Amino acid sequence: MRKTDLLPGWIHQAYRFEVDRPERVASIFSHIGARRFAWNYMLGVIEEQCRAKEVFCLLALPQG
């Protein structure tokens, strides 16, 4: 199967966006900042869950 071949019943759809608007440059940077904030927040949540899992495993071993 080539990269462009699709299974029967599947649809290939793409979108193209234009971001070339000088009057809205500040809002674009604001969205980039919000994306970075969300990424860092969720990364912290995932790291905290991983640490909690490690602690749980360490405590579960001595207790049987």
Side-chain angles (χ1 to χ4, degrees):
M1 180 183 293
R2 291 188 334 225
K3 188 174 181 178
T4 57
D5 290 343
L6 297 174
L7 298 174
W10 285 53
I11 298 173
H12 183 103
Q13 188 172 8
Y15 296 95
R16 187 174 193 175
F17 297 96
E18 181 180 356
V19 189
D20 188 17
R21 295 187 180 201
E23 69 273 2
R24 292 190 167 189
V25 171
S27 65
I28 292 171
F29 289 128
S30 174
H31 286 287
I32 292 171
R35 183 190 70 139
R36 183 172 179 176
F37 174 80
W39 173 269
N40 289 337
Y41 177 77
M42 291 312 297
L43 182 63
V45 168
I46 291 170
E47 288 175 346
E48 183 180 337
Q49 289 176 351
C50 288
R51 282 192 299 271
K53 184 178 179 181
E54 289 174 2
V55 169
F56 178 75
C57 288
L58 289 175
L59 292 175
L61 287 177
Q63 295 175 3

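Values in this document were obtained by computation on a predicted structure and should not be read as measured data. As a basis for the values below, the full set of heavy atoms in this structure was taken, side chains included, without hydrogen atoms, waters or symmetry mates.
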All side chain to side chain contact (heavy atoms under 4.5 Å, CB included) counterparts of Arg35, not counting sequence neighbours
none

Trp39 meets the side chain to side chain contact (heavy atoms under 4.5 Å, CB included) criterion, sequence neighbours left out, with Leu43

With sequence neighbours excluded, tell me which residues meet side chain to side chain contact (heavy atoms under 4.5 Å, CB included) with Phe29.
Val25, Ile32

For Gln49, side chain to side chain contact (heavy atoms under 4.5 Å, CB included) partners two or more places apart:
Val45

Mind checking who shares a hydrophobic cluster with Phe37, ILVMFWY linked at side-chain heavy-atom distances under 4.5 Å?
none

